[in-house]
Amino acid sequence: MAAPAYNEEAGIREVVNSWIGFLRKSSDVHDFEIVVCNDGSDDNTGEILRELANANPELRLVDFKQNQGAAVALTAAIKATLLDWVMLIDSDGQFPIENLSLLLPGLRRDGTSAVIGTRKKKDSTFRRFGTWSSGVVCNLVYGTRLKDFNSACKLVSGPLLRSLNFEAKGMNSSTEITGKLLEAEIDIVQVEILHRPRTSGTSSIRLVRDASHRLLFVCYLAFRRLLIRLGILQQPLKQTGCP
């Protein structure tokens, strides 16, 4: 597992303990790791994670001294993973760990290297509209029909995920990861998952700023795809096989 965390002291202990408890009991999981990147939190998130890591050998902490943004923190967590499969998840508790039991059958059924969880979002109308509209544009750019292009909850081959070159900062990591998987010609399987309202902590999303950044990032992805088609940029090598 890989997750970023920023100012989540109100709920991070409960969330991480739920992950550990579920994974230790799951008959589907024989070995696991949890890598959380503390993104320069101003509160006690880092201290809580260090305490939990000392008590639980499966948990490892990447600790930023200054806030770098969710995408950079997630990338650091991904690069620090070691095992064959990586579940991408947020640390705010909106994606319950039980979603793993919904994602795994997608891997077994289709023999793919990546499964994406599709949500019925429990967020504000503005945020749901932003996610939907950017997803529509991204599907047009990539010629796909993904129901939830921007979903942060994914299960991906570890070697594949660690081989990808991520560029995004801020809140655009989920969109970029999906795009990079498609550029590598990965057949992404979609599975419906659970999504809960946030019950603790405060979202770091700033609606106007992040909406404008998402728009610019989607435009960048479209321009990148154009340059690849024109032969100005290299087409990423096709990835084959699963661990």
Side-chain angles (χ1 to χ4, degrees), residues 1-104 117 119 122-123 151-156 158 161-162 166 168-171 173-174 177 193-206 210:
M1 290 178 62
Y6 178 67
N7 288 353
E8 295 287 353
E9 67 174 359
I12 193 68
R13 187 185 303 276
E14 179 181 353
V15 169
V16 172
N17 280 333
S18 73
W19 295 346
I20 294 171
F22 176 87
L23 293 170
R24 284 177 177 171
K25 293 178 182 178
S26 174
S27 61
D28 293 318
V29 178
H30 304 293
D31 189 18
F32 73 90
E33 62 183 351
I34 299 171
V35 182
V36 181
C37 180
N38 173 40
D39 188 19
S41 296
D42 298 324
D43 60 7
N44 292 318
T45 299
E47 288 76 4
I48 294 170
L49 286 170
R50 280 188 285 274
E51 177 186 331
L52 291 170
N54 288 334
N56 300 279
E58 303 95 339
L59 174 64
R60 298 200 304 279
L61 175 63
V62 178
D63 205 357
F64 287 173
K65 299 304 179 185
Q66 294 182 332
N67 180 253
Q68 302 292 323
V72 178
L74 179 59
T75 297
I78 289 170
K79 298 301 183 182
T81 61
L82 300 171
L83 297 183
D84 287 341
W85 294 97
V86 180
M87 182 181 183
L88 304 179
I89 194 169
D90 289 335
S91 59
D92 56 13
Q94 288 194 268
F95 291 110
I97 185 60
E98 289 78 11
N99 281 327
L100 180 61
S101 298
L102 303 175
L103 297 171
L104 282 171
R119 307 159 288 177
K122 305 298 182 181
D123 291 322
S151 175
C153 188
K154 299 178 175 75
L155 184 60
V156 186
L161 191 61
R162 291 187 288 269
F166 299 124
K169 296 187 70 175
M171 309 303 293
S173 58
S174 302
I177 291 171
I193 59 169
L194 305 172
H195 187 250
R196 298 171 176 166
R198 175 186 272 271
T199 58
S200 64
T202 302
S203 173
S204 59
I205 290 177
R206 301 295 178 264
D210 291 329

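- Of all the heavy atoms in F22 and S101, the pair that sits closest is CZ-OG, 3.3 Å.
- Atom CZ in F32 sits 10.0 Å away from atom CG in L83 (nearest 0.5 Å).
- A pairwise comparison of heavy atoms in S18 and I97 identifies O-CG2, 3.8 Å as the closest pair.
- How far CG of L103 is from CH2 of W85: 11.5 Å, rounded to the nearest 0.5 Å.
- Each of M1, E33, M87 was checked for a side chain to side chain contact (heavy atoms under 4.5 Å, CB included) with T81, and the lone residue meeting it is E33.
- Within the structure, salt bridge (Lys or Arg N to Asp or Glu O under 4.0 Å) pairs that include any residue of residues 40-49 comprise E47-R50 (at least two apart or interchain).
- For E98, there are no side-chain hydrogen bond (donor to acceptor under 3.5 Å, both in side chains) partners at least two apart in sequence or on another chain.
- Judged purely by atom type and a 3.5 angstrom limit, N99 uses its side chain to pair as donor or acceptor with the backbone of L194.
- A donor-acceptor pair is defined here as one N or O able to donate and one able to accept, closer than 3.5 Å; such a pair exists between the side chain of S151 and the backbone of G117.
- V36 and A5 get closest at one heavy-atom pair: CG1-CB, 3.8 Å.
- Rounding to the nearest 0.5 Å places CG of N56 at 10.0 Å from CD of E51.
- Pairing each heavy atom of A73 with each of F64, the nearest pair is CA-CE1, 3.8 Å.
- Here the CD1-NZ distance, from I193 to K154, works out to 9.5 Å after rounding to the nearest 0.5 Å.
- Within the 4.5 Å cutoff, the side chain of R119 has no heavy atoms near those of the Q94 side chain.
- Note that CG of L74 and CG of D39 are 10.5 Å apart. Values are rounded to the nearest 0.5 Å.
- Side chains of S173 and T75 form no contact here, defined as non-hydrogen atoms less than 4.5 Å apart.
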Check against side-chain contact (heavy atoms from CB on, under 4.5 Å), L88 and I78
CA-CA 8 Å; L88 304 179; I78 289 170; 3.8 Å; yes
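- Taken from CG in L161 to CG in L155, the straight-line distance is 10.0 Å, to the nearest 0.5 Å.
- In this structure, the side chain of T45 engages the main chain of E8 through a donor-acceptor pair within 3.5 Å.
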Show, in sequence, the C-alpha distance, side-chain angles and deciding distance for V29 and L100, and conclude whether the side-chain contact (heavy atoms from CB on, under 4.5 Å) test is met.
CA-CA 10 Å; V29 178; L100 180 61; 3.9 Å; yes
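- Scanning both residues, S41 and N38, for their nearest heavy atoms gives OG-OD1, 2.6 Å.
- Closest approach of A70 and M171 over heavy atoms only: CB-SD, 3.9 Å.
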side-chain contact (heavy atoms from CB on, under 4.5 Å) for D92 and V15? Distances and angles first, verdict last.
CA-CA 7 Å; D92 56 13; V15 169; over 6 Å; no
